[in-house]
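The structure appears below as structure tokens.
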Amino acid sequence: MSKNWPLWEIFVRSKNGLEHRHFGSLHAADAEMALVNARDVYTRRNEGVSIWVVESKNIIASNPEHNGEMFEPAQDKVYRHPTFYDLPDEVKHM
Amino acid sequence: MSEEQIKNPGTERSRSLEKQFEARIARDEKIEPKDWMPEKYRKTHIRQMSQHAHSEIVGMLPEGNWITRAPSLRRKVALLAKVQDEAGHGLYLYSATETLGISRDEMYEQLHTGKAKYSSIFNYPTVTWADMGAIGWLVDGAAIINQVPLCNTSYGPYARAMIRVCKEESFHQRQGYEIMMKLANGTPEQKEMAQDALNRWWWPSLMMLGPTDAESIHTEQSMKWKLKRKSNDDLRQQFIDQTVPQADLIGLTIPDPDLKWNEERQSYDFGDIDWDEFWQVVKGHGPMNKERMKARVGAWEEGEWVRDAAMAYADKKQERKEKQVV
């Protein structure tokens with residue numbers, strides 16, 4: 001037979017109040033096994049309180065070759081930042 | 001346009017991409033999996049990272065040998081945790097390597113057929129309990145010296161994996177040194193056992209840091225890509241300078257009659273390394289090369305039915321779920 005175990009991406013929340021962060025990936029036959037393997041591979045020293053697993057094929061990634069079209073439009077919009085606006089010095093905190 | 005650009009626009013384009021790429025690395029930018037990279041960068045990283053992963057996996061075998069015979073429960077849980085860490089390190093590194101477009105199966109295939117190498121140190125036998133001490137202290141010590149600079153390497157997934165590995169590695173070395181210390185302060189027989197382990201592991205540990213700079217073929221390019229920050233000879237000197245006082249402290253003797261403090265260099269001078277032995281082991285003629293591969297391939301083959309059963313179970317569950325939806 002020999003069908004390979006699919007690849008899963010592992011996200012771990014290191015403590016409540018923080019977001020899940022990408023930790024790495026691993027192979028597992030199904031989601032349940034991916035979860036327990038992720039426990040052993042990525043949280044052997046209390047690194048997490050919650051784990052998400054997502055099969056890698058379900059992640060859609062942007063292409064770095066298109067970073068220009070994708071991200072440059074934000075670069076010339078300085079008016080989105082507070083420092084763009086001139087205020088008198090008397091206004092201390094705003 | 002120059003004549004060459006007209007004749008060969010493809011080469012010209014890739015040369016300019018390559019220049020930009022090298023400039024990014026020189027600026028300390030990280031390279032991520034989907035970024036453009038020269039084919040040579042991809043291949044070199046696949047080679048080094050997969051061999052690093054293989055070393056972690058094969059590295060479990062010499063120590064696994066002693067788990068059932070550890071002298072106390074304290075030693076047993078520590079050794080078990082260390083070997084489990086090595087499995088973890090292998091897995092971090094395999095998955096980081098997969099981001100370069102090679103499958104896990106291809107990597108296993110390369111290891112099992114002998115096409116890919118792993119660290120030659122694991123081809124030496126572990127004949128006494130003191131070898132667990134010597135491995136943690138010396139082999140993991142040398143590994144740390146090799147690995148710390150890699151936390152800053154240019155390929156993002158490799159650097160991230162190495163940060164995690166380095167964080168976990170220091171426990172390995174400390175548990176090894178503690179074993180050596182206890183034996184060295186024990187009965188005369190125990191001390192002799194510790195000394196004997198040091199005698200056997202010292203030279204292979206020095207060799208583990210790689211051939212001399214004059215013979216190291218990959219150094220220059222690897223420095224540029226930050227796959228290497230210091231030369232093999234510099235790393236070796238660092239390892240010796242750091243380890244000799246640790247041996248003195250527990251009353252063990254480094255098995256090198258030429259070892260001597262050099263006041264002028266503020267470093268230890270040391271004797272000649274038997275590089276013939278190193279190359280023999282690399283070429284597969286070390287004391288345990290065959291045994292290690294037999295154990296590794298055996299584990300893979302005997303596990304096949306388990307992997308297949310898990311996959312069949314997952315498929316069946318999935319089918320059942322789909323039927324219920326209909």
Side-chain angles (χ1 to χ4, degrees), chain A residues 1-15 18-49 51-72 75, chain B residues 17 24 29-37 80-99 103-109 156-158 160-165 167-168 170-171 300-301 303-318 321:
Chain A
M1 190 166 70
S2 192
K3 182 182 158 201
N4 294 330
W5 288 0
L7 190 65
W8 299 76
E9 299 301 321
I10 312 304
F11 300 83
V12 177
R13 182 201 297 287
S14 44
K15 62 178 189 186
L18 295 179
E19 64 280 72
H20 285 78
R21 203 162 57 80
H22 185 236
F23 263 46
S25 51
L26 52 76
H27 289 268
D30 58 20
E32 202 182 329
M33 188 194 284
L35 268 179
V36 292
N37 285 359
R39 193 268 317 259
D40 290 342
V41 177
Y42 292 106
T43 64
R44 286 192 302 282
R45 289 179 178 77
N46 286 317
E47 289 93 337
V49 294
I51 300 176
W52 289 347
V53 300
V54 183
E55 209 179 323
S56 306
K57 67 175 187 200
N58 292 325
I59 290 189
I60 316 297
S62 66
N63 183 345
E65 278 177 32
H66 302 151
N67 273 7
E69 305 91 288
M70 191 81 168
F71 301 110
E72 266 165 29
Q75 274 174 15
Chain B
L17 277 172
R24 287 182 63 193
E29 276 181 40
K30 297 286 183 211
I31 307 303
E32 294 295 344
K34 292 191 155 211
D35 292 350
W36 182 88
M37 60 185 79
L80 195 57
K82 178 181 192 284
V83 171
Q84 198 190 1
D85 272 353
E86 272 145 20
H89 297 175
L91 293 175
Y92 307 156
L93 287 162
Y94 277 132
S95 72
T97 316
E98 277 175 273
T99 63
S103 73
R104 185 75 57 102
D105 264 47
E106 274 176 88
M107 285 188 270
Y108 286 160
E109 173 78 18
Y158 194 22
R160 292 192 285 274
M162 289 318 300
I163 289 171
R164 213 167 297 133
V165 169
K167 266 192 202 157
E168 297 179 350
S170 128
F171 130 63
W300 180 248
E301 285 173 353
E304 189 177 357
W305 71 271
V306 180
R307 295 192 299 277
D308 287 348
M311 204 60 241
Y313 174 71
D315 285 345
K316 222 179 195 171
K317 244 184 7 183
Q318 186 64 27
K321 217 164 126 192

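Throughout, a chain's letter reflects where its sequence line sits, starting with A, and its residues are numbered from 1.
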Checklist entry - Checking Arg104(B) against Trp5(A): charged group under 6.0 Å from the ring centre and within 45 degrees of the axis? => result no
Checklist entry - So do Phe23(A) and Phe11(A) actually touch side chain to side chain, heavy atoms under 4.5 Å? => result no
Checklist entry - When heavy-atom pairs shorter than 4.5 Å are enumerated against chain A, which of Lys167(B), His89(B), Glu168(B) gives the highest number? => result Glu168(B)
Next on the checklist: Does this structure show an ion pair linking Arg45(A) with Glu47(A), if we count only N-O contacts that are shorter than 4.0 Å?
Outcome noted: no
Item to check | Residues Arg24(B), Asp35(B): salt bridge by 4.0 Å N-O rule | outcome: yes
Item to check | Contact class of Ser56(A) relative to chain B, heavy atoms under 4.5 angstrom | outcome: neither
Checklist entry - Pick from Ala61(A), Pro6(A), Ala28(A), Ala29(A): which one has the most heavy-atom pairs with chain B under 4.5 Å? => result Ala29(A)
Checklist entry - Of the backbone (N, CA, C, O) and the side chain (C-beta and beyond), which part of Tyr313(B) lies under 4.5 Å from a heavy atom of chain A, both, or neither? => result side chain
Next on the checklist: Counting only non-hydrogen atoms closer than 4.5 Å, does Glu32(B) touch chain A with its backbone (N, CA, C, O), its side chain (CB onward), both, or neither?
Outcome noted: neither
Checklist entry - Measuring heavy-atom distances to chain A, does Arg164(B) have an atom under 4.5 Å in its side chain, in its backbone, in both, or in neither? => result side chain
Item to check | Contacting moiety of Asp85(B), where chain A heavy atoms sit under 4.5 Å | outcome: both
Checklist entry - Salt bridge or not for Lys3(A) and Asp308(B), using N-O below 4.0 Å? => result no
Checklist outcome for this item: Given Leu7(A), Val41(A), Asp40(A), Leu26(A), the one with more heavy-atom pairs under 4.5 angstrom with chain B than any other is Val41(A)
Checklist entry - What distance do Ser25(A) atom OG and Glu55(A) atom CD have between them, rounded to the nearest 0.5 Å? => result 12.0 Å
